[in-house]
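What follows is a single structure, written as structure tokens, with notes after it.
Below, chain A is the first sequence line, B the second, and so on; all start at residue 1.
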2 protein chains.
Amino acid sequence: MDLSERQLQILQAIITDYVENAEPVGSRSIAKKYDLGVSPATIRNEMSDLEEMGYLTHPHTSAGRVPSDKAYRLYVNTLMQKKNLSAKDKRMINDRLAASRDEFDRTIRHAAELLSEITNLASFAMTPATNEEQISFIRLLPVDRGTIILMIVGESGNVTNTTLRLNVPYTQEALDLLSKNMTVNYKGRTLDDVLKSEIIEDVGSDIEAMSQLKGNVMPSFIRTLEDMLNVNLYMEGMTNIFDLPEYSSIDRARDFMELFAQKDWFTQKMLARGEGVVVTIGDENDTMKDCTLITASYHVDGKLVGKIGVIGPTRMKYDEVTSIMEYLTNNLSETFRLVDNTNNTEDEG
Amino acid sequence: MDLSERQLQILQAIITDYVENAEPVGSRSIAKKYDLGVSPATIRNEMSDLEEMGYLTHPHTSAGRVPSDKAYRLYVNTLMQKKNLSAKDKRMINDRLAASRDEFDRTIRHAAELLSEITNLASFAMTPATNEEQISFIRLLPVDRGTIILMIVGESGNVTNTTLRLNVPYTQEALDLLSKNMTVNYKGRTLDDVLKSEIIEDVGSDIEAMSQLKGNVMPSFIRTLEDMLNVNLYMEGMTNIFDLPEYSSIDRARDFMELFAQKDWFTQKMLARGEGVVVTIGDENDTMKDCTLITASYHVDGKLVGKIGVIGPTRMKYDEVTSIMEYLTNNLSETFRLVDNTNNTEDEG
DNA sequence: GTTAGCACTCGTCACATCAGAGTGCTAATC
DNA sequence: GATTAGCACTCTGATGTGACGAGTGCTAAC
């Protein structure tokens, strides 16, 4: 059932050609362009066999062959070779990421931009999922008589805040006490842990005013924690796909765009994917069955995991795209490793 | 040069018909559907005159007439009558906005959703521009040895924060002093005012540690203020336009989608538009010359101004869309009037 | 001023035709 | 037995043609 060396060569040639030109490739053009030392007729015979094995398909009798999902899968798993990025691309990535390195979200957005610019595909990047982040402290700050700010700070410096309208007056003393008690109670626990525990722990009622305040604050506390879990999703180059013949029909293009309209759904899907470079081709996806989706993960301080990805037709340059993504995620992880180790670097000396 | 009563009637009929069916309308169908008491031939003569005056165009000899931008402008300015929203739509708007009223950004997003759902066009909503917002206080909070949080709070409870990496150690005392001095210095000033003043005021150097800290914090302070100015833009129903015959060509659809890819540019454009319901039709726009853009503004506490809008082909139901937008912005302004007066309401009693 | 009548224009649709690309098979060749 | 040349066959896409219908614009009659 294994493919012969020649079959592999022919398959690779067909994939290369089809990825390049987006048109079914015939036996004659393979024979001419790729020096396989055999005639078109022989190639035709092999093609016929490859089709029988499910690696090729046939739009109609008198058209050339088109690689199937199975062929791309074989290509990605065994045929494909890592590509070296051009010096220009490397420089572009390095420069652009370095330029915004102290502003986390902007760096992530730049990563998405770079990815779509270099690959000419639709891309996205998202900030890390923070389920595992530990709470560092909780602070309540007064704004005016009826309004306070609830602020939750994570260990990595991740901050979320909500403005709360209270229906009872508060005292500064109660505010401080409640902040302190909440911090004592939750410090060091992960967001996931707190959100999963069914009971909202009592944080004490040292004084009367605090007890009232607590009633106001605690429900919002949970909602704010949930907010903190939300990842930011940056999408770029959506309109790139209009240039591809695969999406030249308005219906195809619409389906594609609609995928991204549902950001929440999309985010969930992407979070659920494994770490490292993950390629899912055509039918391997449960939605977008005629797309290929490639994701890769970067790390923040070795712990939190963020994702970047591209979406395009199954016909794409797998070798280039995966190489770029690998380079990009390595760069991101490196950038954010430094960020979070600031207090251990020579800067402090 | 004024149009006769009959010409206006015919023009209105043509607009109504064309908006409904998206097909050039002929003299016969006008005569049949709208009881004007004249024959098709007469209508043809009037149409010819209207075309000469620039209110109608002619795709080709044997096609019916199509309203020009000028015709729509006339319609919007003088012919159009306010539409009453259906009870269903009103209820939908009220319910959906009420459901999220204490979470500002979510309410805004819901407004955009409602707008696209009811009009079947692409819509957006943005949070208020906060140039005029006054700074309430500034706070510096420690995270770990080399990291602090800079937090700026506006009068309306609007909060922005940045996580800063320092290259010198800090003391709690310096942090507190700097917070306090910065607050004293900037409290009550508007963001616009602070950002426009060329000199960064000296906030004093009461102790040595503070002077060093200051050098680290002040540059980020400006950048954080700028962040605070950023409005959030929510877009909905982009894919609605694929259903319209105007965008059935892939190129048109692409142009349309590309407009929205540049969020920053788009935001600036929208901020620059006047308050109230503003309609710009076709050529009146400097980009998207074949679209109509309708924006409307809502108020937060009578001061800050946010915008909602729809974008579609010039062929749209101007009367319905403007009425919906008016209703929606009134509702939003009402909602946010209450929000920001909390501390004056009976809740406090 | 209005209208009926009619010639004319233009776009669309269905249909036929033709060239080109590519296959699949058979028989000849290595 | 594998490879190849040759050829009939298939299908697409481009091009052309004619009929049809919608709608105008003009003229002459009302």
Checklist outcome for this item: Readout for nucleotides 12-22 of chain C: B = base within 4.0 Å of protein heavy atom, S = sugar-phosphate only, - = neither; 5' to 3' it is ---------BS
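Between A:K82 and A:D319, no side-chain nitrogen of the basic residue sits less than 4.0 Å from a carboxylate oxygen of the acidic one, so the salt-bridge criterion is not met.
Open room surrounds CG on B:D35; 12 or fewer heavy atoms of other groups in view lie less than 6.0 Å from it. Heavy atoms from other residues, nucleotides or ligands lying under 6.0 Å from CZ of A:R28 number 12 at most. For A:E23, the CD atom sits in a loose shell: 12 or fewer heavy atoms of surrounding residues, nucleotides or ligands are nearer than 6.0 Å.
At a cut-off of 3.5 Å, with distance as the only test, a side-chain donor of A:Y318 or A:T292 sits close to an acceptor on the other residue.
A 4.5 Å side-chain heavy-atom check between A:I10 and A:Y34 finds every atom pair outside the cut-off.
Contacts between chain A and DNA chain D, taken as any atom within less than 4.0 angstrom of a protein heavy atom, begin and end at D:dT3 to D:dT12.
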Next on the checklist: Let's go through B:F260 and B:F124 carefully: what are the C-alpha distance in whole Å and the side-chain angles of both, what is the deciding distance for ring pair (Phe, Tyr, Trp, His ring centres under 6.0 Å) to 0.1 Å, and is it a yes or a no?
Outcome noted: CA-CA 10 Å; B:F260 303 106; B:F124 68 90; 8.0 Å; no
